[in-house]
Amino acid sequence: MTEHPSSPRAARIPDRPSLDGLEDAWGQVWEQDGTFAFPRDAALAAGRDSVFSIDTPPPTASGSLHMGHVFSYTHTDCMARYKRMAGLHVFYPIGWDDNGLPTEKRVQNYYGVRGDASLPYDPDFQPPFRGDAKSSRAADELPISRQNFIELCDELTVEDEKAFESLFRRLGFSLDWSISYRTIDDHSRATSQQAFLRNVQRGEAYQAEAPGLWDVTFQTAVAQAELEARDYPGAYHRVAFHGADGPVHIETTRPELIPSCVALVAHPDDERYRPLFGSTVRTPLFDVEVPVVAHPAAEMDKGAGIAMCCTFGDLTDVLWWRELRLPTRSVVTRTGRLQTELPEWLAGSPGADLYTEQVGGKTAFSAREAIVGALRESGDLDGEPVPTQRKANFYERGEKPLEIVTTRQWYIRNGGRERELNDRLVAQGRAIEFHPAFMRSRYANWVEGLNGDWLVSRQRFFGVPIPVWYPLDADGEPDHDHPILPAEADLPVDPAAQAPPGYTEDRRGTPGGFVGDPDVLDTWATSSLTPQIAGGWRVPGSADPDPLFAAVFPMDVRPQAHDIIRTWLFATVVRSFYEHGTVPWTDAAISGWILDPDRKKMSKSKGNVVTPEDVVKEHSADAVRYWAASGRLGTDAAYDVGQMKVGRRLAIKILNASKFALSFGDPLEVAGDGARLPEGHDGDVLPDLVTDPLDLSVLAMLRDVVERATAGFESWDYTRSLEATESFFWTFCDDYLELVKDRAYGGRGDAGAASARATLRLALDVVLRLFAPVLPYVTEEVWRWTREDSVHLASWPTVDELPAGGDPAVLQAVGAALAVVRKAKSEAKVGMRAEVPTATIVAPADLIAHLHTGEADLRAAGRLTGTLDYAEGETVATRDVELVPVAKPAR
RNA sequence: GGAUGUGUAGCUCAGCUGGUUAGAGCGUUCGCUUCACACGCGAGAGGUCGGGGGUUCGAGUCCCUCCACAUCCA
């Protein structure tokens with residue numbers, strides 16, 4: 001492949017073409033030649049309309065490679081290759097998402113370290129381990145600064161990225177590897193912080209102290225988008241509250257929260273409790289007086305129909321607390337344990353001792369046991385607890401149900417609290433073309449169902465730091481209302497390690513000094529800026545974006561899977577809306593999931609995961625891509641080895657058929673002097689050589705295929721395009737090649753041979769380009785048998801390249817006749833080489849006319865050596881067939 | 001409970017705005033050393049289009065309803 005002899009073209013066609021080694025060979029050529037490099041200068045000169053820009057999903061390098069990656073990235077690559085051939089400058093960057101818990105945990109375990117934002121940066125730091133840490137116990141991990149931790153992450157993810165890069169290259173993704181970023185690198189951190197600061201300055205981001213979902217394991221606040229409702233075992237406890245006219249029974253799964261009860265709530269229409277509204281009852285054990293109030297969110301048909309409202313047991317409690325202006329009596333702390341000190345409202349309560357001795361400092365689980373025991377003793381527990389499965393909110397990566405804890409957090413307004421903003425963000429979704437279109441309703445569903453703003457601060461140490469400091473007052477208390485912001489030119493900053501403008505480091509933590517915000521941004525708060533990061537929105541040392549940004553933004557497409565419409569897609573829309581007032585892309589191409597052959601989700605725990613590297617090695621990249629391209633956008637697909645085998649067979653067929661089509665030599669050799677080609681141009685004369693009606697017929701069919709294949713890609717339906725090309729190609733091989741063989745060999749004169757040979761070359765030339773977006777390796781291989789340039793930079797075929805005037809019905813008729821001849825031979829169980837001295841072909845009259853046209857080719861292909869008669873009939877069939885089997889060679 | 005999608009041959013899927021006898025590939029069966037390909041070629045069998053109702057001259061396709069499955073949200 002590296003040497004291109006200048007000898008005749010046929011010399012480059014191997015005797016036995018093979019798929020083996022194509023990935024390595026052509027992958028190297030593409031890399032050396034910069035085949036897929038974004039032509040920046042040309043794009044800037046020609047402007048936005050000349051560009052097709054892709055907001056490539058940055059994979060989590062520390063995560064695992066799976067067939068889902070192969071699936072959706074192939075979809076994108078097929079579109080990218082089509083658009084490139086269609087003449088657009090394709091901007092196809094690659095990024096790596098190194099934020100978030102998966103990377104944090106991996107770095108932690110690999111190096112045996114633990115991040116601690118309070119520590120100073122150590123420039124000479126060496127980690128205790130490199131992949132050989134023996135213990136995963138937190139106590140054995142060495143605390144290090146955030147910046148040191150980020151550096152270790154940089155070091156490790158570079159290694160992890162290699163596996164992805166190797167696979168992505170092998171699969172032939174036409175990414176521009178020179179446009180790359182990591183979400184934790186300096187540029188991404190600075191971009192993320194800059195966008196956040198602008199949100200703060202415009203009032204789109206704010207901080208608030210409010211009850212929110214809290215993961216006690218990871219000790220961080222959790223956003224609505226990270227929730228997962230799971231079944232969780234619990235038990236209904238029927239508990240008596242003491243009213244003036246006797247007990248009021250409620251049912252609760254969380255009796256340990258009785259100390260934080262602030263009210264009983266029932267539905268306003270509930271006749272059973274209507275008399276109680278406005279009165280008060282006293283809590284069991286603790287004897288705290290709480291009101292009985294009405295609220296429509298109380299479910300009449302659930303449990304007793306009346307519920308205790310605690311601060312806070314769940315999100316409904318928060319709703320009641322806010323809307324009914326109830327007092328705050330929190331006891332659950334950030335660790336998930338109940339606070340140790342006796343709450344002030346329980347001072348003097350008969351349950352004070354119970355609290356201090358058996359409840360305070362305990363986990364929810366232990367506290368529940370203590371409280372239930374006491375209720376049983378006091379007679380306030382009615383009957384025994386009834387086991388139940390309830391839905392509880394979990395952090396998607398957590399193992400314990402979320403608690404609700406009041407903390408100070410940063411939020412970005414996302415329409416979860418403001419009707420008008422919500423409407424505008426839903427409208428943004430209508431400005432994006434979703435493929436398939438129904439995916440838009442997932443967007444709308446999610447946005448319309450938001451019930452709070454986007455929580456962006458996380459109490460983790462690893463990630464992009466929130467670029468904010470707070471002044472400390474004379475008592476050393478932070479003044480959160482007057483945050484100190486850095487200058488954009490100074491980004492990225494780490495407030496835990498750097499002093500804010502106007503302060504020196506020694507003022508940190510001192511009265512009148514400052515304190516850095518200890519938190520980091522939600523990982524989506526950075527990855528929601530991938531168009532800005534990749535497109536050069538922020539340029540260090542400049543107030544203006546890279547001119548590139550105007551040439552690529554808003555981008556053309558965001559490719560992604562449907563599970564992260566609510567997170568990545570929506571967050572990106574929000575950020576772009578605020579920063580640029582536009583949608584971030586015009587189109588969103590949503591891929592489905594990969595299921596195992598039993599239609600179950602592939603997962604490690606089920607042991608049904610296959611590694612993409614092995615799959616590609618076994619079936620070839622083109623075959624795996626064929627499988628992926630057979631799955632339409634938005635549709636879940638089965639992992640299907642059979643489909644890969646079909647793809648592999650197709651690729652091999654392309655090799656063999658191409659070798660054959662090119663093996664007849666130059667059409668001009670038999671075409672005579674009048675057809676001499678001008679030097680360096682071989683495309684323009686060939687159409688004129690095509691004179692035979694059968695040849696014109698096959699090219700007429702191909703013209704139709706070009707139209708359908710183009711329409712497929714234009715409507716983001718690469719599968720339809722592939723199907724059109726593929727079905728033509730098999731007809732081309734099975735019928736046309738067989739019919740034209742004899743004539744192409746010169747069996748019926750020079751003009752007929754020239755017509756056949758020219759047709760073969762024209763058809764192959766078009767078919768290779770139609771297949772190129774899906775099967776980049778085999779098409780490149782064949783293309784280069786006769787050419788120096790890449791098929792992937794060739795122009796997408798148009799109907800104008802092929803002669804007009806042919807009638808597809810000719811090949812269809814002759815093909816049908818050939819089929820019935822084959823059938824006769826097959827039923828007689830003789831080989832296809834058997835001669836047919838006499839036969840009658842029955843066909844409708846209009847077909848018979850076409851059969852006369854192609855009779856010579858039909859005779860040659862069917863070995864119809866003698867009398868051939870025609871008779872009219874409704875369907876195509878044979879009659880009075882005489883067969884002479886080929887004598888089998890004696891053994 | 002709500003939203004969205006799916007249900008067509010043993011399997012995986014086409015079937016776009018309703019129009020001959022519902023298609024493809026895989027698998028299966030029967031054949032064929034055929035000069036590009038045995039990693040091949042040819043032929044065959046295989047379907048009450050999830051159920052029911054309706055609109056229409058005509059429904060896999062449109063409407064209603066029910067069932068099943070999947071995903072997301074309660």
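Chain A is the first sequence line, chain B the second, and so forth, proteins listed ahead of strands; every chain is numbered from 1.
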Polar pairs (N or O, both sides) under 3.5 Å between protein and nucleotides 2-4 of chain B?
residue	atom	partner	partner atom	Å
B:A3	O2'	A:N445	OD1	3.4
B:A3	O2'	A:N445	ND2	2.7

Mind checking if [X] touches a base, just sugar-phosphate, or nothing, with heavy atoms under 4.0 Å?
X	value
A:K653	base
A:R863	base
A:E738	base
A:D734	sugar-phosphate
A:Q643	nothing

Side-chain heavy atoms of A:V814 within contact of A:D857, under 4.5 Å: no

Is any side-chain heavy atom of A:L455 closer than 4.5 Å to one of A:V222? no

Is [X] salt-bridged to [Y], cutoff N-O under 4.0 Å?
X	Y	value
A:R859	A:D742	no
A:R558	A:D587	no
A:D765	A:R761	no

N/O donor to acceptor pairs below 3.5 angstrom from side-chain atoms of residues 441-451 of chain A, sequence neighbours left out:
residue	atom	partner	partner atom	Å
A:S441	OG	A:F438	O	2.6
A:Y443	OH	A:L425	O	2.7
A:W446	NE1	A:R566	O	3.3

Partners meeting salt bridge (charged side-chain N to carboxylate O under 4.0 Å, His left out) with [X] (sequence neighbours left out):
X	answer
A:D522	A:R458
A:R16	none
A:D314	none
A:R822	A:D735

Integer-rounded Å distance: [N] [atom2] and [X] [atom1]:
X	N	atom1	atom2	answer
A:L633	B:G5	CG	C1'	15 Å
A:R761	B:A36	CZ	P	16 Å
A:I654	B:C39	CD1	C1'	14 Å
A:W593	B:A70	CH2	C1'	13 Å
A:E448	B:A74	CD	P	14 Å
A:E396	B:C73	CD	P	10 Å
A:Q224	B:C72	CD	P	15 Å
A:L595	B:U6	CG	P	15 Å

Looking only at side-chain atoms of [X], point me to the closest of [options].
X	options	result
A:R822	B:U21, B:G42, B:U12	B:G42
A:R720	B:A43, B:C35, B:C16	B:C16
A:W730	B:G15, B:U21, B:C41	B:C41
A:R566	B:U12, B:C41, B:C73	B:C73
A:R833	B:C35, B:C73, B:G44	B:C35
A:K741	B:A43, B:A36, B:U12	B:A36

Taking the nucleotide of RNA chain B with the closest heavy atom to each, which residue, A:E827 or A:D20, is nearer the 5' end? A:D20

Using heavy-atom distances to pick each residue's nearest nucleotide on RNA chain B, tell me which of A:G634 and A:S663 is more 5'. A:G634

Qualifying residues under side-chain hydrogen bond (donor to acceptor under 3.5 Å, both in side chains), relative to A:D695, sequence neighbours excluded: A:Y736, A:R743, A:S755

Counting only Watson-Crick and G-U wobble pairs with both atom distances below 3.5 Å, the stems of 3 or more consecutive pairs that include RNA chain B are B:1-7 with B:67-73, B:10-13 with B:23-26, B:28-32 with B:40-44, B:50-54 with B:62-66

With sequence neighbours excluded, what pairs up with A:A744 under the side chain to side chain contact (heavy atoms under 4.5 Å, CB included) test? A:F664, A:A756, A:L760

Spacing of the [atom1] atoms in [M] and [N] (rounded, Å):
N	M	atom1	answer
B:U20	B:G40	C1'	35 Å
B:G51	B:A9	P	11 Å
B:G5	B:C41	C1'	41 Å
B:A43	B:G60	P	29 Å
B:G19	B:U28	P	35 Å
B:G27	B:A70	C1'	26 Å
B:U8	B:G25	C1'	15 Å
B:C73	B:U29	C1'	50 Å

If you restrict it to nitrogen or oxygen atoms, what contacts under 3.5 Å exist between nucleotides 26-31 of chain B and the protein, and what is each distance?
residue	atom	partner	partner atom	Å
B:C30	O2'	A:K829	NZ	3.0

Can you pull the side-chain hydrogen bond (donor to acceptor under 3.5 Å, both in side chains) pairs that have at least one residue in residues 622-633 of chain A, sequence neighbours excluded? A:D77-A:R625, A:Y626-A:E726, A:S630-A:Q643

Donor-acceptor contacts under 3.5 Å from residues 823-833 of chain A side chains, at least two apart:
residue	atom	partner	partner atom	Å
A:K825	NZ	A:M832	O	2.9
A:K825	NZ	A:A834	O	2.9
A:K825	NZ	A:G862	O	2.8

